[in-house]
Amino acid sequence: MELNCLGMRCPLPIIKLAAALKTHPEITLLSDDPATLPDLIAWSRMTKNQYSVLGVNKYLVKRL
Amino acid sequence: MSTAGTVLRVGSITSQFQRETPLHPAARAFIADAFDRGWADPSKIHGESRQAAILLNEAKEIFAGQLGIRSSQIEFLSDPAIGFHLGTSGLLGAESRFFYSAIDRSEIFAIADLHQSEKLPVGLDGSLIYPQGQPSDLLAWQTMNGETGIVAAAPNEFTGRLFVDATASGADVALPKNWSTALWNSRAWEGPSGLAVFAVAHRAIWRNPLPHIDGLISSSDLSIPLVMASALALEAHTRDYEEKRHILSICNNRIRDFLQAEIGDVDIAGRSDNTAPYLLSFSMLYLDAERLVNELERHGISVDSGSACSSANMEPSHVLAAMGLLTHGNVRLTLHNQTSLEEVEVFLKTLKTIVEELRK
């Protein structure tokens with residue numbers, strides 16, 4: 001499932017990501033907020049989920 | 001605790017946890033009198049000029065004693081920012097490699113960009129590995145990180161030149177034995193702003209990077225009243241801190257425990273055994289820091305934040321990001337010498353209520 005958060009300001013992309021993960025185990029996140037990558041790194045450690053960078057402003061997030 | 005005429009906001013603040021503090025009362029009393037009398041140029045030899053020179057030397061002695069350096073090593077700067085340039089560029093040669101950490105101040109980043117440099121990564125807990133280096137190399141080293149309170153281990157094995165950024169720690173962290181240049185900010189000890197103390201260990205290896213004709217470094221328009229006021233503030237602040245340090249540790253640990261137990265989903269910077277008791281930075285998952293800070297202010301509590309959404313330039317804290325800590329939902333607390341455990345309890349209770357409301 002693709003989650004488009006382009007133009008959204010932190011922490012909205014992460015909040016939407018967490019909500020979407022409840023129903024979809026794999027999400028492709030589009031987000032251009034500068035805090036997105038640092039926060040994905042911290043968020044995946046804190047919630048024990050997995051992320052990877054697919055491209056510019058594009059991330060794959062998996063619920064573990 | 002607001003001083004008359006300096007706080008412009010709707011509603012009153014009853015609990016102040018922001019970094020900025022008013023001038024220490026010991027300094028304020030002195031300064032009002034000193035400015036009334038008007039101070040003369042200490043480089044002249046007659047009358048009030050001699051008084052000013054004596055006062056300047058007295059102030060230098062106080063700083064030397066408190067900071068663990070010699071009077072002759074001290075220079076005063078009217079702009080702390082210039083101290084970063086003096087302290088680093090003055091030690092760099094053509095062959096020098098400039099080492100600095102990912103959580104250093106942006107002034108250091110700007111200088112490093114102009115030289116052959118290497119940024120040292122910082123671990124999640126603030127740990128840092130120093131290179132051994134060579135005698136011509138330079139390491140910019142922070143005694144304490146001003147955002148998180150993390151106190152770094154001294155780089156005692158480094159064989160090159162050492163610039164010590166003590167701007168956040170004041171007199172609380174001792175200089176490592178191998179220091180070459182050092183910088184302190186008067187604000188760190190509740191002193192007046194517009195003043196920094198800069199020290200050079202050995203003039204032989206330091207070269208003034210600013211255009212100069214004589215050997216002087218100190219700003220030529222130095223305000224002697226400001227320097228003396230800062231010295232008085234330093235003495236008083238150090239006394240107060242010695243008395244209150246234990247209580248501040250208790251408050252800090254209480255906050256840390258409460259955050260883990262009652263708030264949850266929170267990243268706290270550093271551990272209580274490697275951070276100063278009076279600073280605490282923590283980030284809460286899924287919270288908008290701007291809304292959080294505003295809500296706290298509505299309840300009479302003022303705090304700082306390192307989150308992008310709370311700063312004018314919309315960038316997340318490079319310190320938190322470098323350490324791999326969460327940057328959104330960040331609150332930065334400064335526990336002042338007068339902070340009480342009761343005040344902290346009120347803050348925690350209020351924080352929990354706000355967080356529960358915002359996380360719904």
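Below, chain A is the first sequence line, B the second, and so on; all start at residue 1.
- Between the CG atom in B:Leu325 and the CD1 atom in A:Ile41 there is a gap of 11.0 Å [rounded to 0.5 Å].
- Remark: B:Leu114 CG is packed, more than 12 non-hydrogen atoms of other residues, nucleotides or ligands lying under 6.0 Å away.
- Summarising the geometry, atom OH belonging to B:Tyr286 is positioned 7.5 Å from atom CG belonging to A:Leu17; distances are rounded to the nearest 0.5 Å.
- With chain A as the partner, the residue from B:Gly324, B:Ala321, B:Gly329 showing the most heavy-atom pairs under 4.5 Å is B:Gly324.
- Of the listed residues A:Ala35, A:Ala42, A:Pro34, A:Pro11, the one with more heavy-atom pairs under 4.5 angstrom with chain B than any other is A:Pro11.
- A:Ile15 contributes atom CD1, which lies 8.5 Å from atom CG of B:Leu285 (distance to the nearest 0.5 angstrom).
- With a 4.5 angstrom heavy-atom cutoff, B:Leu287 touches chain A only via backbone atoms.
- Remark: B:His328 NE2 to A:Arg9 CZ distance equals 13.0 Å, nearest 0.5 Å.
- Within a 6.0 Å sphere centred on CZ of B:Arg291, other residues, nucleotides and ligands contribute 12 heavy atoms or fewer.
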| Under the side chain to side chain contact (heavy atoms under 4.5 Å, CB included) criterion, do A:Ile14 and B:Leu326 qualify, and how do the steps go? | CA-CA 11 Å; A:Ile14 303 288; B:Leu326 186 67; over 6 Å; no

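- Taking both residues in full, the closest heavy atoms of B:Asp267 and A:Arg45 are given as OD2-NH2, 2.6 Å, listed atom of the first, atom of the second, then distance.
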